Amino acid sequence: PRLLAGESGIRALPPERFALPIALPVRLGAEVPRAELAERIRARVPRSVWHTSAPECHVWLLAALEALAQAGLWQPGAAAPVPDAARTGIYVGTGGGAPGFTESEYIRIYTGEKAIQRDVSRFAIPMYMASSLAGQLSILTGIRGPTLALSTACSSGSTALLTALDALRLGRVERAVAGGADLPLSAATLKGFANLGALSLDTAAGPRACRPFAADRAGIVLGEGAACLVLESAAAAARRGARPLAVLLGGAANSEAHHLLAPRDDGAGMAECIEAALADAHVAPARVAHVFAHGTGTRFNDACEAAALARTLPHGPTLSATKAQLGHTLGAAGAIDAVLAVHGLASGQVPPLPHLAHGEPPDPACPVRPARVAAQPHVGPAGDPARAVLVNAFAFGGHNAALLLGPAAGADGKGGASACRRA
């Protein structure tokens, strides 16, 4: 409800929030409250798991366990593993590493009196390695199929969902737990994005510091989070009487093959990815009723994405850009938007662009049609099986990914995957 109302989770963060004592040009972000995260993870998983994993893993485990519970496949304290555990896979996307933990370890080891006598934590390696996100969930739930951690920068969550879909289509698994997680709010990460010129320094704007597709957009604001979907083949869902919430119709990934930090200036690489996703999902462009844009709020990337959308979807579907409210969650971003797409397909409601929600025009260089609070629903009537939602993720390194989701009523078992539950 808060997202649909246009509220933002972006806040000013206190100096003590950051372990590394370096000067920061801005301390804005949409953070996961650490105390609440610690309380929730300790109440849900054994000490042997939470004590040996970083907060990035904690937020992923909570999202995945909620998704499995909502799907009727797992409950906290369950003695038995997830059903068909050997035919279930885990696919999690992340930007990689644990920057907050690394900074805290640096401070603990190398500063203060007699610091040289301190040693690295014996849990440092399992806490830092990205693969622990998949491994810890496997240990908790008994899942014995493929367990993969994937990293394609800001498209990692979408890449994980695409990889899971491919495994389902090939028959390698019958069910997949897929999504993404990242907690990038560390001093070094903020400083790094600022030095690249990508970070919004508009401290005075507070919750409106990130303004995708607006004429006065100033850059990204970092955010934290995780999201997870349980995907099943139509046959597996039918066998256990599951009621899907939506269908992952298809998608695509490609590379810009251009520049490590920038897309092609005409948006051609992004457009090619969207076109490939439409073809893979067998979705005509006119069926796309709404777009969850990558929408970082940077001048160049927004203009390139708008050009790609104008080329591929000339009918101009409505558009959300959730980084305006949730910040840029890096490896989690595509998975979070996929969850919101599932919700939108079920309810017809999607988040607005808060800064363009009441009729303000976008930048003339970005001819998009922003979703607005007063104009909901945007995704069409809930009973319309023809509509589809596009989720874009365009990342550093030139890693592009696009997903197409449709309503559960459109499931035909011929290539898509049921998204049975989400968290």
Side-chain angles (χ1 to χ4, degrees), residues 60-61 63-68 70-71 73-74 82-94 130-131 133-138 141 143-152 155-182 226-237 240 242 244-253 273 276-277 280-281 331-342 389-393 395 399-406 408 411 413-423:
W60 160 247
L61 290 175
L65 293 175
E66 285 181 17
L68 285 164
Q70 190 181 5
L73 294 165
W74 175 258
V82 166
D84 303 314
R87 298 280 294 156
T88 300
I90 297 170
Y91 305 84
V92 53
T94 181
S131 60
L133 276 69
Q136 293 281 38
L137 182 60
S138 171
T141 60
I143 290 174
R144 303 194 308 279
T147 53
L148 305 181
L150 303 106
S151 184
T152 55
S155 63
S156 297
S158 293
T159 301
L161 287 162
L162 280 172
T163 305
L165 177 61
D166 286 343
L168 285 161
R169 286 173 166 176
L170 290 170
R172 298 189 188 280
V173 296
E174 290 188 340
R175 182 180 301 112
V177 184
D182 247 330
C228 182
L229 289 161
V230 175
L231 305 179
E232 292 185 292
S233 68
R240 67 185 191 92
L245 297 176
V247 178
L248 179 54
L249 299 168
C273 185
D280 180 73
I336 290 173
D337 281 348
V339 166
L340 293 172
V342 171
V389 173
L390 172 68
V391 175
N392 286 338
H399 303 294
N400 295 334
L403 306 171
L404 269 302
L405 293 97
K414 296 181 180 178
S418 299
C420 287
R421 296 293 186 268
R422 82 283 188 196

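The model shown is predicted, which means the values in this text are computed figures rather than measured ones.
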Quiz item: When you check the gap from the basic side-chain N to the acidic O, do Arg240 and Asp84 get nearer than 4.0 Å?
Solution: no
Practice problem: Mind checking the CG-CG spacing from Asp280 to Leu162? Nearest 0.5 Å is all I need. | Solution: 8.0 Å
Practice problem: Consider only side-chain N and O atoms of Thr159 and Thr152, and report whether a donor and an acceptor are under 3.5 Å apart. | Solution: yes
Exercise. May I ask you to test the Val173-Thr88 pair for a side-chain heavy-atom distance under 4.5 Å?
Key: no
Quiz item: Rounded to the nearest 0.5 Å, how far does OG of Ser233 lie from CZ of Arg175?
Solution: 8.5 Å
Exercise. Working to the nearest 0.5 Å, report the span between CG of Leu229 and CG of Leu245.
Key: 9.0 Å
Quiz item: Checking Ser151 side chain against Thr94 main chain: does a donor-acceptor pair fall under 3.5 Å?
Solution: yes
Quiz prompt | Gly93 versus Ala160, closest heavy-atom pair with distance | solution = N-CB, 3.6 Å
Quiz item: Got a second to check how far Leu65's CG is from Thr141's OG1, nearest 0.5 Å?
Solution: 7.5 Å
Quiz prompt | Which atom of Leu161 lies closest to which atom of Ala335, heavy atoms considered | solution = CD1-CA, 4.2 Å
Quiz item: For the atom pair CZ (Arg87) and CZ (Arg144), what is the distance rounded to the nearest 0.5 Å?
Solution: 12.0 Å
Exercise. Could you tell me whether the side chain of Trp74 reaches within less than 4.5 Å of the side chain of Val177, counting heavy atoms only?
Key: no
Exercise. Give the minimum heavy-atom separation between Gly250 and Leu165, together with the two atoms involved.
Key: CA-CD2, 3.7 Å
Quiz item: What are the two closest heavy atoms between Val92 and Gly180, and how far apart are they?
Solution: CG2-CA, 4.3 Å
Quiz item: Where is the tightest heavy-atom contact between Ala252 and Cys273, given as atom of each residue plus distance?
Solution: O-SG, 3.5 Å
Quiz item: Could you state the interatomic distance from CG (Leu137) to CG (Leu61), rounded to the nearest 0.5 Å?
Solution: 6.0 Å
Exercise. Measure the shortest side-chain to side-chain distance between Ser155 and Asn400 over non-hydrogen atoms and say whether it is less than 4.5 angstrom.
Key: no
Exercise. Could you pull out the closest heavy-atom pair between Leu133 and Ala181, with the gap in Å?
Key: CD2-CB, 4.1 Å
